[in-house]
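Quick caveat: nothing in here was measured; it's all calculated off a predicted structure. Whatever order the structure lists ligands and atoms in, that order sets their numbers, starting from 1.
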Amino acid sequence: MSSILKQTYNDVEGLKYISPKIAMEEAARCLLCYDAPCSQSCPAGTDPAKFIRSIRFRNVKGAAETIRENNPLGGICARVCPYDTLCEKACSATKIEKPIRIGLLQQFAVQQEKAYGMKNLKVSDTKKNKKVACVGAGPASLTVAAELAKAGYDVSIFEKEAKAGGMLTYGIAPVRLPQEVIDYDIEQIKNLGVKFNFNSKVTKEDLDTFDAVFVGTGLWGENLPNIEGINLQGSFSAVKFLKEFRKGNSYFVKDKNVVVVGGGDVAIDCAVTANVYGAKDVRIVYRRTLEEAPGNMREFVHAFERGISLTTNMAPVAVKGNGSVEKVEFEGFRNKTDNMTVSADIVVFATGQSSEAKDLGLFSDEYINEKGLIKANNTNITGKYFAGGDVVHGAKTVVEAVKAGKEATVAIINYLERKN
Ligand SMILES: Cc1cc2nc3c(=O)[nH]c(=O)nc-3n(C[C@H](O)[C@H](O)[C@H](O)COP(=O)(O)OP(=O)(O)OC[C@H]3O[C@@H](n4cnc5c(N)ncnc54)[C@H](O)[C@@H]3O)c2cc1C
Ligand code: SF4
């Protein structure tokens, strides 16, 4: 197999095809560092040094195995990781010219895995007679489920939505992460025998029969500003806005004026999505300066190149319209006498998400901090309950959720082994 690399996906929308030639050329630039700083900088331990070495020697099966064994969401991470601040930032080749494109090589290996129908996640022959529940089907829970199922445990996931993936499926913009990529990684986890229960909000009693419970419910509360007109038709939170595109509804932005409020990566994603799907004008409005914005500067530049504009130092004070959005009023964030009114058909508030852990009804207030996040000591909350991902560490990234899931798995297995 190593010498006949398959031509993989067609170049359909968003599914970038990486040719074997490009992958081989890129892998050939790797300096094969002894201490591999790239691998040390991957939160999930995906071990890029090892899989790049395999690609370099045309052992694509070995590369795919390394990725999948270390990171059950390797295909997704290859698309959405902020590589330029993690593995690629650490790459030694940066000192000579530019970093190895690790994300691209990871995508290539996973595309080859799919093209050949490789099955790189395997269940242990030794079955453990223990049942574990995962609440939520986001990346943290999916990782716990995959790792525990691999180790022979009986795992059930309870998810309130109709599909698995959490913010992968309902948050991250489809232009960045195609649904097919999400579905493929999740399919590998389903093949391990993990049971998925959708449209399912569990109670404490439902969880009585499980030996351990992992809570990975993320941040699903909306942080919308308390201003006039926030509920007008055409006013969206970022997640509600992006969810429409996952449902296949993109026509609602065509030829429209779209204003996105926020300065993070999510705001940029919403703006680029609106632009890609034919909005007439897209403007990001952020309350501080560009230098202070948390969004990735490379992504901002990409947005500007597409014709998206940015207005800084302005905060929204009202959304106006007769039933639906017609304009948004802003005032200076630092200088309150400044003001600005922008015509808009759609306004998107990319102003963050909050935790709803308190409403789960699973534990008392002493286990919830002042931000509504779950207090977990080394991923353990209390007794058989464990937690991880955004609901514990606040808004981070997919690869950090995978890391949290792997750490929780170790703690859960230790707990279950101690009980034996
Ligand atoms: C719009 C947006 C764009 C992003 N873009 C990126 C990106 O480009 N790159 C990146 O690395 N990260 C990105 N992130 C961050 C990333 O998506 C999160 O850090 C990650 O998904 C957190 O994983 P999680 O498993 O902790 O939670 P989530 O992904 O939020 O999953 C939690 C799951 O729990 C379910 N749930 C909640 N309550 C219950 C309940 N009571 N019962 C049952 N199920 C429940 C939810 O429905 C959800 O499926 C983005 C986030 C957002 C919001
Ligand atoms: S999982 Fe993400 S951070 Fe880790 S090696 Fe892959 S692209 Fe880099």
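- Geometrically, K130 does not engage Y153 in a cation-pi contact defined by less than 6.0 Å to the ring centre and at most 45° from the axis.
- Every atom of ligand 1 with a heavy atom of G216 under 4.0 Å away is listed here by number and element: 32 (C), 33 (C), 34 (O).
- Not a single N/O/S atom of C81, whether from backbone or side chain, sits less than 2.8 Å from atom 4 (Fe) of ligand 2.
- Under 2.8 Å from atom 6 (Fe) of ligand 2 lies an N/O/S atom of Q106, whether from backbone or side chain.
- A donor-acceptor contact closer than 3.5 angstrom links the side chains of T311 and R283.
- Judged purely by distance below 3.5 Å, without hydrogens or angles, the side chains of E113 and N120 pair a donor atom with an acceptor atom.
- Residue contact annotation: P48 has a non-hydrogen atom under 4.0 Å from ligand 2.
- Side-chain atoms of E88 come within 3.5 Å of backbone atoms of I102 as a donor-acceptor pair (strictly under, hydrogens ignored).
- Here C87 reaches atom 8 (Fe) of ligand 2: one of its N/O/S atoms is less than 2.8 Å from the metal.
- Side-chain contact, N70 with T46: no donor N or O sits under 3.5 Å from an acceptor N or O.
- The atoms of ligand 1 that sit less than 4.0 Å from any heavy atom of I172 are 3 (C), 4 (C), 5 (N), 6 (C), 7 (C), 13 (C), 17 (O), 50 (C).
- Heavy atoms of S200 come nearer than 4.0 angstrom to ligand 1 in at least one pair.
- Ligand 1 has a nitrogen or oxygen under 3.5 angstrom from a nitrogen or oxygen of D390.
- Residue contact annotation: P139 has a non-hydrogen atom under 4.0 Å from ligand 1.
- With a 4.0 Å cut-off on non-hydrogen atoms, K396 touches ligand 1 through its backbone and not its side chain.
- Residue C42 has at least one heavy-atom neighbour below 4.0 Å for each of these atoms of ligand 2: 1 (S), 3 (S), 4 (Fe), 5 (S).
- Only side-chain heavy atoms of L242 come within less than 4.0 Å of ligand 1; its backbone N, CA, C and O stay farther off.
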